[in-house]
**Q** 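Structure below; questions to follow.
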Amino acid sequence: QVQLVESGGGLVQAGGSLRLSCAASGRSFSTYDMGWFRQAPGKEREFVASISWSGRTTYYADSVKGRFAISRDNAKNTVYLQMNSLKPEDTAVYYCAAGRTGRAAPMRSAYDYWGQGTQVTVSS
């Protein structure tokens, strides 16, 4: 079992940056693929970025490519999402997730454990 706790959300102006963190419990963090998803009010939860257990493979949604970067520190049991050039349409609750497909797949079904989420609000 993995427990995930996100942090780092907040209110930022358009064009600004935020770094989200997701701290995982348990000794097997380094064997899990990790993903970030987001859900805006009235919308489905959507994929944002993912990283394989080794860190060698990453995927990004087209809407964030070139602006967001996912990384992980297995020694700290933490995955990060660096968000730059933020836009109002990035406003959402951001969730981190852990899964063991080994492919860092960009889909909800590939992840078994989810955090509670952290709110990101981008003002125009």
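In what follows, every heavy atom counts, from backbone to side chain, and hydrogens, waters and symmetry copies are set aside.
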**Q** Going by heavy atoms in the side chains, are Arg38 and Leu81 under 4.5 Å from each other?
**A**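 In short, these two side chains do not touch, never coming nearer than 4.5 Å.
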**Q** Output the distance between atom CG (Leu18) and atom OG1 (Thr118), rounded to the nearest 0.5 Å.
**A**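 Those atoms lie 9.0 Å apart.
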**Q** Test your reading of the model: is there a side-chain donor-acceptor pair from Glu6 to the backbone of Gln116, 3.5 Å cut-off?
**A**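 Yes, the answer is positive, given that a donor and an acceptor are paired below the 3.5 Å cut-off.
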**Q** Can you tell me which residue pairs pass the ring-ring contact (aromatic ring centres under 6.0 Å, His included) test with a partner in residues 1-37, sequence neighbours excluded?
**A**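 For residues 1-37: Phe37-Phe47, Phe37-Tyr111, Phe37-Trp114.
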**Q** Provide the full list of ring-ring contact (aromatic ring centres under 6.0 Å, His included) pairs with a residue in residues 56-108, sequence neighbours left out, each pair given once.
**A**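 Found none.
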**Q** In Å, rounded to the nearest 0.5 Å, how long is the span from CG of Asn77 to OG of Ser30?
**A**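 Asn77 CG to Ser30 OG: 8.0 Å, rounded to 0.5 Å.
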**Q** Mind listing the closest non-hydrogen atom pair of Ser85 and Ser17 along with its distance?
**A**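 Looking at all heavy atoms of both residues, the closest pair is N-OG, 4.4 Å.
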**Q** Quick one: does Ser25's side chain have a donor or acceptor within less than 3.5 Å of a partner on Gln3's backbone?
**A**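 Pair found, side chain donor or acceptor close to backbone of Gln3.
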**Q** Could you give the distance from CD1 (Ile70) to CD (Gln82), rounded to the nearest 0.5 Å?
**A**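 Ile70 atom CD1 to Gln82 atom CD measures 12.0 Å (nearest 0.5 Å).
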**Q** Mind checking the CE-OG1 spacing from Met34 to Thr58? Nearest 0.5 Å is all I need.
**A**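 So the CE of Met34 and the OG1 of Thr58 are separated by 14.5 Å.
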**Q** Pairs in or reaching into residues 43-124: which pass disulfide (SG to SG under 2.5 Å), with residues at least two apart or in two chains?
**A**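 Every pair satisfying disulfide (SG to SG under 2.5 Å) with a residue in residues 43-124: Cys22-Cys96.
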**Q** Donor-acceptor pairs are to be reported for all side-chain atoms of residues 99-110 against protein atoms at under 3.5 Å, with residues two or more places apart or in another chain.
**A**
from   : atom 1 : to     : atom 2 : distance (Å)
Arg100 : NE     : Thr31  : OG1    : 3.3
Arg100 : NH2    : Thr31  : OG1    : 2.8
Thr101 : OG1    : Asp33  : OD2    : 3.4
Thr101 : OG1    : Arg103 : N      : 3.2

**Q** Could I get the full list of side-chain hydrogen bond (donor to acceptor under 3.5 Å, both in side chains) partners for Thr121, not counting sequence neighbours?
**A**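 Only Gln119 meet the side-chain hydrogen bond (donor to acceptor under 3.5 Å, both in side chains) criterion with Thr121.
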**Q** With salt bridge (Lys or Arg N to Asp or Glu O under 4.0 Å) as the rule and sequence neighbours excluded, what pairs involving residues 71-87 come up?
**A**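 Counting only pairs at least two positions apart or across chains, no salt bridge (Lys or Arg N to Asp or Glu O under 4.0 Å) contact touches residues 71-87.
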**Q** The criterion is side-chain hydrogen bond (donor to acceptor under 3.5 Å, both in side chains); which residues satisfy it with Ser54, sequence neighbours excluded?
**A**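 Partners of Ser54 under the side-chain hydrogen bond (donor to acceptor under 3.5 Å, both in side chains) test: Ser52.
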**Q** Under the salt bridge (Lys or Arg N to Asp or Glu O under 4.0 Å) rule, what pairs show up with a residue in residues 55-68, not counting sequence neighbours?
**A**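 Residue pairs with at least one partner in residues 55-68: Asp62-Lys65, Arg67-Asp90.
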**Q** Check whether any side-chain heavy atom of Met83 lies under 4.5 Å from a side-chain heavy atom of Leu20, and answer yes or no.
**A**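 In short, these two side chains touch, coming nearer than 4.5 Å.
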**Q** Just grab all the disulfide (SG to SG under 2.5 Å) pairs involving residues 46-81, residues at least two apart or on different chains.
**A**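 Qualifying pairs, neighbours excluded: none.
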**Q** Who passes side-chain hydrogen bond (donor to acceptor under 3.5 Å, both in side chains) against Ser71, sequence neighbours left out?
**A**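 Ser71 satisfies side-chain hydrogen bond (donor to acceptor under 3.5 Å, both in side chains) with no residue once adjacent residues are dropped.
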**Q** Among Val79, Thr78, Val5, which one satisfies side chain to side chain contact (heavy atoms under 4.5 Å, CB included) with Ser21?
**A**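 Result for side chain to side chain contact (heavy atoms under 4.5 Å, CB included) with Ser21: Thr78.
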**Q** Could you pull out all residues at least two apart from Gln39 that satisfy side-chain hydrogen bond (donor to acceptor under 3.5 Å, both in side chains)?
**A**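 Arg45.
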**Q** With Glu89, which residues qualify under salt bridge (charged side-chain N to carboxylate O under 4.0 Å, His left out), at least two apart?
**A**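 Glu89 satisfies salt bridge (charged side-chain N to carboxylate O under 4.0 Å, His left out) with no other residue.
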**Q** Group every Ile, Leu, Val, Met, Phe, Trp and Tyr by side-chain heavy-atom contacts under 4.5 Å, then state whether Tyr113 and Trp53 land in the same group.
**A**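 No, it is not one cluster - the side chains of Tyr113 and Trp53 are not joined through contacts under 4.5 Å.
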